[in-house]
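Below you'll find the structure, written out as structure tokens, and then a few comments.
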Amino acid sequence: MELTGIRFIDDLDLEPETPVFIRTDFNVPLSDDGEVDDDFRIRAAIPTIEHAVQKDCRVILASHLGRPGGERDPDLSMEPVGEALTELMDIEVVLPEDLTGHPVQRLVSNLKPGNQVMLLENLRFDPGEKGANKEFAEGLAELADLYVNDAFGAMHRKHASVYTMAQFFDRDEKAAGRLVKSELEHLGDLLDEPKRPFTAIMGGAKVSDKLGVMERLSKKVDRILVGGAMAYTFLKADGERVGDSMVEEDYVAQAGRILDTATSRGVDIVLPLDHVVAPGFDAVEADVQTTEGPGIPDGNMGLDIGPRTVEAYSEAIRESRTVFWNGPMGVFEKDLFARGTLEIARTLALAPCHSVVGGGDSASAVRKAEVTDAIDHVSTGGGAALQVVEGKALPGVDALRANHPFDD
Ligand code: AMP
């Protein structure tokens, strides 16, 4: 990842009282009673926020949360995030009703630097956020003199607060935050002469989203271990019986081509050797079986990798010097199908390799296995992390590099 041409928050001249807009990624899971269920992303944003608070700036924080669809939705208010921030940072959080306009501007000028921060409501309450609307972006830009983007998990999106807004700031008035810096460095390192063997572990359900990534990754890695539902599209392409497992039929042919190309390039795409299967997601323990081989009997769905696969994949991980993991090995949200994912997390934590995990689900699996500290880098981003590992540019980074106004 090309880091030249962008500034980082530590390069900005943060004078006391300066209004600084920090785009954060507070898109966190909420519990049924509306509290923050996992504060990983909030904690990750704190170094940048704290830096601006310590410089006595007027700090305006803004993020999206879930998918309110461009309308106010009280269930997706930023209020619980504000409460978590108060607790984590011991600071008062001001939560205005409006996202832009004079009343919010007045509140910004009344903020008590060092003691208070402002947290705007969910940016996606306004359709202009996802629509990359110029007027909305300008309204946000009018709140501050400096713009900092620390929302790594959203930087692959061309949305108003991530992309469009940055054009209202000159290059010396905008910067990436500390989290973005750390993410770009760690993920960029994977592309920059990684130690070999370099293994990618790919899992999760959305084959359609991940085939392109796999195609590009297969040019950079030595082998790809495939798990999760996406394995079934590959197994089907390989002529295996997949029973009622989740298969994206439209992508079977492409999966087959990826297998062929990888083989001709000498890259191993490794598919599961056995599976934990059941008639459906809601199966009880008595219905769960482990297959003997890679085929799945009719009337069953593959819901986790089996013990022989765990062993083979673990061996491959232990032999690797660099490992990138994206996507769970099974339906790890359910204890009956979590073993494969948790075992892979534990093996990765113990392996003597450079380990990087990207993607919301794999990151939460690493936390569930309680091995976060033993992984070299757990990314806060899913799509954004994949895009960096593929060597593709991020719109949010390009926007920091560009002088204003942008072309589009
Ligand atoms: P993704 O967003 O593509 O990374 O997919 C993550 C989701 O894939 C998780 O919610 C898992 O429960 C789901 N998943 C993983 N393995 C399977 C499987 N074998 N069958 C159905 N869903 C799965």
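In each ligand, atom 1 is the first atom listed, and ligand 1 is the first ligand listed. Both backbone and side-chain heavy atoms feed into the values below; hydrogens, waters and symmetry mates do not.
Residue Q289 holds its CD atom at 11.0 Å from CD1 of I296, rounded to the nearest 0.5 Å. Interatomic distance, OG of S320 versus CD1 of I201, reported as 8.0 Å (0.5 Å rounding). The structure places OG1 of T380 at 6.5 Å from NE2 of H377, a figure rounded to the nearest 0.5 Å. The structure places CZ of F337 at 4.5 Å from CG of L303, a figure rounded to the nearest 0.5 Å. How far CE of M165 is from CG of L140: 5.0 Å, rounded to the nearest 0.5 Å.
Set against the non-hydrogen atoms of G204, the atoms of ligand 1 under 4.0 Å away are 1 (P), 3 (O), 4 (O), 5 (O), 6 (C), 8 (O). In summary, the atoms of ligand 1 found under 4.0 Å from a heavy atom of Y232, numbered by their order in the structure, are 19 (N). For ligand 1, the atoms sitting less than 4.0 Å from at least one non-hydrogen atom of G302 are 18 (C), 19 (N), 20 (N), numbered in the order shown with element in parentheses.
In terms of protein heavy-atom proximity, atom 9 (C) of ligand 1 is nearest to E333 OE2, 3.2 Å. Protein heavy atom nearest atom 14 (N) of ligand 1, with residue, atom name and distance: G330 O, 3.9 Å. The protein atom (non-hydrogen) at minimum distance from atom 7 (C) of ligand 1 is D361 OD2, 3.9 Å. Among all non-hydrogen protein atoms, the one lying nearest atom 5 (O) of ligand 1 is A205 N, 2.9 Å.
At a 4.0 Å cut-off, not a single heavy atom of G359 sits close enough to ligand 1 to count as contact. Distances shorter than 4.0 angstrom occur between a heavy atom of F281 and an atom of ligand 1.
Where the criterion is an N or O separation shorter than 3.5 Å, residue side chain and backbone included, M301 fails it with respect to ligand 1. Checking only distances, M329 never comes within under 3.5 Å of ligand 1, N or O to N or O. For ligand 1, one of its N or O atoms has an N or O atom of K206 under 3.5 Å away. An N or O contact shorter than 3.5 Å links K210 to ligand 1 by distance. The shortest N/O to N/O separation between G228 and ligand 1 does not fall below 3.5 Å.
Between K55 and T18, the closest side-chain pair of non-hydrogen atoms is not below 4.5 Å. Residues V247 and V252 meet the side-chain proximity criterion, which asks for heavy atoms closer than 4.5 Å.
When the heavy-atom distances from atom 16 (N) of ligand 1 to A229, S245, P272, G383 are ranked, the shortest goes to A229.
Remark: the R23 side chain and the H64 side chain contain an N/O donor-acceptor pair separated by less than 3.5 Å. Judged by distance alone, the side chains of N326 and K210 do bring a donor and an acceptor atom under 3.5 Å apart.
The parts of V331 lying near ligand 1 are both backbone and side chain, judged by heavy-atom distances below 4.0 Å.
Using a 30° and 60° split on the angle between ring planes, H354 and H186 fall in the parallel class, below 30°.
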